[in-house]
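Whatever order the structure lists them in is the order used to number ligands and atoms, beginning at 1. Side-chain atoms are counted along with the backbone in the values below, which use heavy atoms only and exclude waters and symmetry mates. Source: prediction; values computed, not measured.
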Amino acid sequence: MVKSGSDNLDDRRAAERSRMVEDQIAARGVRDPRVLEALRTVPRHRFIPGADRAEAYEDRPVAIGCGQTISQPYMVAVMTEWLDVDPAGRILEIGTGSGYQTAVLARLARHVITVERHRDLSDAARKMLSSLALDNIEFVVADGSLGCPGRAPYDGILVTAGAPRLAQALLDQLDEGGKLVAPVGGRDEQRLVRVTRAGDQFRQEFGIGCRFVPLLGAEGWPGTP
Ligand code: SAH
C-alpha cells in the first residue's frame, strides 16, 4: 500500500519521539518502562501550536500561548516516574497547560482530574485529548493552588507550575499512601519535592532543580486572577 504524506509525517514524528526518549530521557536515568512507553506514544508535536511545532522533540520547554509553556520532556518524565502512578489510581494535575502531561498521566492512571486557570488553554487541551481518544480525563477551570477538594482524595497529585510553598490544603487531599510531586521554591527557580502521606505524617524528599512558570493564586504567587 502506498503511504499518504501524513502517514509518512507520522512515521517521522514517531522516530523523532523514540530518539527523544532514548537520548533525552532513558540516557539520563529514567527507567520506568511504563513512563518511557507513554512518552513514546503521546504525539507531543500535536500539543504545540503552529510555527513552533518543529521544536516538539527538542530538549526544552516550548511556548503554547497565554504566556505559558509545555514542559521539557525530561521534566515530564522525571515527575511522572517520581509520582509512581498506580494503574488503578486517581490523579489530580494542577496546570493543564497544553494537556501533554495530562495525556501521559491518562495513559498510566485510571482517571485524571486536571485543573487550569486559563479557560482557553483548558478548552484547547480538552479538544486535543478527546481527538486522541483519551476519555478518562476531567477538565476543571479554577485556581488549582488549593487543589480540587470536591473530588478528593487522590492517589497522586502533580503540580506543573512553580509553587512558593506546599499548601496544607493540597496535602490534605492526598489519600493514604498517596504522593504529591511539585516544583517548590522561588518565582524563577524551584526544586522538585515529593511528599508521601502516611496517616497524618507527610514525608518529604527533594529532587532536581527546575524552572517552571509560576503557580498563581490563593496559595500560589500573587498575579492576575
Ligand atoms: N503540564 C503543562 C505545563 C503547563 S505550564 C504541559 O504539559 O503543557 C503551567 C500551567 O499552570 C500554565 O498553563 C498555567 O496557566 C497554569 N497555572 C498557573 N497557576 C495555576 C493555578 N493556580 N491553577 C491552575 N493552573 C495554574
Discussion item. Considering non-hydrogen atoms of the protein only, which is the closest contact for atom 12 (C) of ligand 1, and what is the distance?
Written reply: Gln68 OE1, 3.3 Å
Discussion item. Among all the protein's non-hydrogen atoms, which is closest to atom 13 (O) of ligand 1, and how far away is it?
Written reply: Glu116 OE1, 2.7 Å
Worksheet item: Which ligand 1 atoms does Glu93 reach within 4.0 Å, using its non-hydrogen atoms?
Response: 1 (N)
Worksheet item: So which protein heavy atom does atom 25 (N) of ligand 1 come closest to, and at what separation?
Response: Arg117 N, 3.3 Å
Fill in: Any side-chain donor near an acceptor of the partner, Gln101 and Thr80, under 3.5 Å
yes
Worksheet, complete the sentence: Going by the 4.0 angstrom heavy-atom rule, the piece of Thr96 near ligand 1 is backbone
Discussion item. Students should be able to answer this: which protein heavy-atom is nearest to atom 5 (S) of ligand 1, and at what distance?
Written reply: Thr69 O, 3.2 Å
Worksheet entry | Atoms of ligand 1, numbered as shown, that sit under 4.0 Å from any heavy atom of Ser71 | 3 (C)
Worksheet entry | Cation over ring face, Arg28 and Tyr74, 6.0 Å, 45° | yes
Item to complete: With heavy atoms of His118 as the reference, note each atom of ligand 1 found under 4.0 Å away.
Response: 15 (O)
Practice prompt. May I ask whether Pro214 places a heavy atom under 4.0 Å from ligand 1?
Written response: yes
Fill in: Over 12 foreign heavy atoms within 6.0 Å of CD, Gln201
no
Item to complete: Please report which non-hydrogen protein atom sits nearest to atom 7 (O) of ligand 1, along with the residue it belongs to and the distance in Å to one decimal place.
Response: Gln101 N, 3.3 Å
Worksheet item: At what distance is the nearest protein heavy atom to atom 6 (C) of ligand 1, and which residue and atom is it?
Response: Ser98 OG, 3.5 Å
Worksheet entry | Shortest protein contact, atom 21 (C) of ligand 1 (heavy atom only) | Leu216 O, 3.5 Å
Item to complete: Could you list the atoms of ligand 1 found under 4.0 angstrom from a heavy atom of Ser145?
Response: 22 (N)
Worksheet, complete the sentence: If we number the atoms of ligand 1 from 1 as shown, the ones under 4.0 Å from a heavy atom of Asp143 are 21 (C), 22 (N), 23 (N)
Worksheet item: Where is the nearest protein heavy atom to atom 11 (O) of ligand 1: which residue, which atom, and how far?
Response: Gly95 CA, 3.2 Å
Item to complete: In plain terms, say whether Glu81 and Arg31 are close enough for a salt bridge, that is, a side-chain N and a carboxylate O under 4.0 Å apart.
Response: no
Worksheet item: Under a 4.0 Å heavy-atom limit, does Cys66 contact ligand 1 with its side chain, its backbone, both, or neither?
Response: neither
Worksheet item: Is the closest basic N to carboxylate O distance between Arg40 and Glu22 below 4.0 Å?
Response: yes
Worksheet entry | Atom indices of ligand 1, in the order listed, that fall short of 4.0 Å to a heavy atom of Ala142 | 23 (N), 24 (C)
Worksheet entry | Pairing of Asp84 and Arg34 as salt bridge, 4.0 angstrom limit | no
Fill in: Enumerated ligand 1 atoms positioned under 4.0 Å from heavy atoms of Val213
5 (S), 9 (C)
Item to complete: Please determine, by modelled atom types, if Tyr57 and Arg17 share a side-chain donor-acceptor pair under 3.5 angstrom.
Response: yes
Worksheet item: Do Leu171 and Val195 pass the side-chain contact (heavy atoms from CB on, under 4.5 Å) test, and can you show the C-alpha distance, the side-chain angles, and the key distance before you say yes or no?
Response: CA-CA 8 Å; Leu171 299 178; Val195 182; 3.8 Å; yes
Worksheet item: Can a salt bridge be assigned to the pair Glu55 and Arg60 using a cut-off of 4.0 Å between side-chain N and carboxylate O?
Response: yes
Item to complete: Using a strict cut-off of 4.0 Å, indicate which atoms of ligand 1 neighbour a heavy atom of Leu121.
Response: 13 (O)
Worksheet item: Below 3.5 angstrom, do we get any N/O pair linking Gly144 and ligand 1?
Response: yes
Discussion item. Within the supplied structure, the quantity of interest is the number of heavy atoms (other residues, nucleotides, ligands) at a distance under 6.0 Å from Arg194 CZ; does it exceed 12?
Written reply: yes
Item to complete: Identify the two heavy atoms, one from Ser98 and one from Ile64, that lie closest to each other, and give their separation to 0.1 Å.
Response: N-CD1, 3.3 Å
Worksheet, complete the sentence: Grouping ILVMFWY residues whenever side-chain heavy atoms fall under 4.5 Å, the cluster of Val213 otherwise contains none
